[in-house]
Amino acid sequence: MNEVLEKIRAEAIARIDAARDMSSLNDIRVAILGKKGELTSVMKSLRDLPPEERPSFGKNVNIVRDEISQRLDSMKAELAKKAREVQLANETIDVTLPPKKMTYGHRHPNNIALGEVERIFTGMGYEVVEGPEVEFDYYNFEALNIPANHPAKDEQDTFYITKDMLLRTQTSGVQVHTMEHQPLPIRMIAPGRVFRADELDATHSPNFHQVEGLVVDRNVTFADLKGTLEVFAKKLFGEDTRVKFRPHHFPFTEPSAEMDVTCFKCGGKGCRMCKGEGWIEILGCGMVHPHVLEMCSIDPNEYQGFAFGVGLERIAMLKYEIDDMHLLYENDVRFLKQF
Ligand code: DAH
């Protein structure tokens, strides 16, 4: 074989074998087999040869071209394979690595406490009802024996919407809705959101929750109220809990009382939880005022009722020993997860 051809062949093979990537391999192809490539120019020199040498020279050029061409192809395949291997190695998934932790939400302490309250009362045959958060002045005040100019209206800083519509300041209005619409006897609790123009601090919020309770039937007495609420307190805070009723005043009940429970932390000895008192106030209650029954077309001579109102946040804070109300409204999952 012609020396020039042999040199081109040997150099080409060496360069191909040394190629490390597709683009340099492509440069080699262009430099040798391209229009202005080495082998192409050698082919062009064919016409300078004596005619008898041309066929064998032409044949040799073709052999060399085929060989280089094949070498380029096989190198290309090899480089592609290597590139794929590198890619696969980089994309390897280590199935033994620990997975990303899924974070779950958590039930709010208010909700857990409400679940308990509902369980206790439905267990005693109570129905759970709901009332509107946007309420008429009539249901929030008037029908509960709190007429215009009544001092109790000032005590509860009300968010008014119009002159006679407001955001309810208490769930007690649901008593009136229920007495207007439900057949007697009534045994219901009504949990819900209430609103007061208070600043948020450790023990107040402009928006909190109450659970109202109402029983209306024949021969209902204060003894029924006491017995029912004592059972409630024991189920909620433990069988050793004792209760105490202190006279109080609510316009819509007569007589009225506040109920205290023995501190479940110290059992009544006095501690930080009960501020040394041994007792903790948990709800307001009383016998439904005859006038309130009358306004709902119920004859107080035939029917009597008792009612109570519990602050849900207060229950949750006592039960779960939460000392700052802010925590109940921030919904930090790290806090919520503790209950
Ligand atoms: N509505 C009262 C309040 O917001 C709580 C209350 C007291 C409700 C006595 C009652 C009750 O049903 O009988 O302070």
Side-chain angles (χ1 to χ4, degrees), residues 107-136 138-141 143-145 167-195 208-237 243 250 252-254 256-257 259 261 282-300 302-316 319:
R107 280 183 77 194
H108 193 280
N110 275 352
N111 225 327
I112 302 171
L114 176 59
E116 288 219 28
V117 173
E118 287 186 348
R119 196 176 46 78
I120 294 167
F121 280 104
T122 53
M124 294 194 278
Y126 286 59
E127 204 184 327
V128 180
V129 305
E130 268 181 44
E133 289 174 5
V134 175
E135 188 57 284
F136 288 107
Y138 177 78
Y139 289 96
N140 198 78
F141 293 124
L144 291 167
N145 239 357
L167 296 181
R168 66 178 175 192
T169 60
Q170 49 186 355
T171 44
S172 301
V174 189
Q175 288 186 32
V176 181
H177 287 289
T178 310
M179 286 190 277
E180 281 181 353
H181 294 113
Q182 296 223 139
L184 299 170
I186 290 166
R187 255 195 238 97
M188 70 78 165
I189 55 166
R193 207 180 265 275
V194 300
F195 306 85
F208 58 102
H209 300 77
Q210 291 185 329
V211 185
E212 195 72 20
L214 174 69
V215 170
V216 182
D217 203 348
R218 292 190 168 92
N219 305 317
V220 175
T221 69
F222 203 90
D224 297 310
L225 175 155
K226 283 179 74 177
T228 305
L229 294 179
E230 185 173 0
V231 168
F232 168 61
K234 284 179 187 292
K235 295 217 160 154
L236 193 63
F237 293 113
V243 297
F250 297 104
F252 39 90
T253 45
E254 181 58 36
S256 304
M259 185 177 86
V261 293
I282 65 155
L283 55 81
C285 58
M287 299 305 290
V288 180
H289 197 293
H291 188 228
V292 172
L293 292 172
E294 274 165 3
M295 277 190 279
C296 298
S297 311
I298 295 171
D299 180 358
E302 208 182 326
Y303 286 94
Q304 302 78 41
F306 69 78
F308 52 91
V310 191
L312 192 59
E313 277 78 355
R314 184 155 172 77
I315 299 288
K319 237 182 120 63

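Heads up: numbering here begins at 1 and tracks the sequence. Note: hydrogens, waters and symmetry copies are ignored here, and every other heavy atom, side chains too, is used. Values in this document were obtained by computation on a predicted structure and should not be read as measured data.
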Taking every heavy atom of F222 against every heavy atom of A257, the minimum-distance pair comes out as CZ-CB, 4.2 Å

Point-to-point distance, once rounded to the nearest 0.5 Å, from CE of M124 to CZ of R119 = 11.0 Å

side-chain contact (heavy atoms from CB on, under 4.5 Å) between C296 and V176: does it pass, once the steps are laid out?
-> CA-CA 7 Å; C296 298; V176 181; 3.8 Å; yes

Report the C-alpha separation of R314 and L283 in whole Å, then their side-chain angles, then the decisive distance to 0.1 Å, and conclude whether the side-chain contact (heavy atoms from CB on, under 4.5 Å) test is met.
-> CA-CA 9 Å; R314 184 155 172 77; L283 55 81; over 6 Å; no

Side chains of P191 and T171: closer than 4.5 Å at any heavy-atom pair?
-> no

Nearest-0.5 Å distance that lies between atom CD1 in I186 and atom CD1 in I298 | 5.0 Å

Heavy-atom side-chain proximity of V117 to V310 below 4.5 angstrom = no

For A233 and V243 the tightest heavy-atom approach is CB-CG1, 3.6 Å

Within the 6.0 Å centroid threshold, strictly below: F232 and F121 = yes

State the CD1-CD distance between I189 and E127, to the nearest 0.5 angstrom.
-> 10.0 Å

So with a 6.0 Å cut-off around CD of E294, is the heavy-atom count from everything else above 12?
-> yes

Looking at NE2 of H291 and CD of E254, how far apart are the two atoms once the value is rounded to the nearest 0.5 Å?
-> 13.5 Å

Is it the case that E313 and N110 place a side-chain donor and acceptor less than 3.5 Å from each other?
-> yes

In terms of heavy-atom contacts, A307 and Q175 come closest through CB-NE2, 3.3 Å

Side-chain donor-acceptor contact under 3.5 Å, Q170 with Q210 | no

With side chains defined as the heavy atoms from C-beta onward, is the minimum distance between T228 and Y126 less than 4.5 Å?
-> yes

Closest heavy-atom pair, F308 versus C285, reported as atoms and distance to 0.1 Å, is CB-CB, 3.7 Å

Just wondering, more than 12 heavy atoms not from K234 lying within 6.0 Å of its NZ?
-> yes

Got a donor-acceptor contact below 3.5 angstrom from the Q304 side chain to the V220 backbone?
-> yes

Can you name the nearest heavy-atom pair linking L144 to G173, along with the distance?
-> CD1-N, 3.8 Å

Would you give the length of the straight line joining atom NE2 of H289 to atom CG of N145, rounded to the nearest 0.5 angstrom?
-> 5.0 Å

Distance in Å, D217 CG paired with D224 CG, rounded so as to fall on 0.5 Å steps = 9.0 Å

Under a 4.0 Å N-O cut-off, is there an ion pair linking R218 with E302?
-> yes

Least distance between heavy atoms, E212 atom then S172 atom = OE2-OG, 3.0 Å

Just distance, no hydrogens or angles: give the donor-acceptor pairs under 3.5 Å from side chains in residues 177-184, sequence neighbours left out.
unit_1 : atom_1 : unit_2 : atom_2 : d
H177   : NE2    : E135   : OE1    : 3.3
H177   : NE2    : E135   : OE2    : 2.9
T178   : OG1    : V174   : O      : 2.6
E180   : OE1    : Y139   : OH     : 2.7
E180   : OE2    : Y139   : OH     : 3.4
H181   : ND1    : H177   : O      : 3.1

How about F252 and V288: do any of their side-chain heavy atoms sit closer than 4.5 Å?
-> no

Backbone of P109 reached by a side-chain donor or acceptor of K319 within 3.5 Å | no

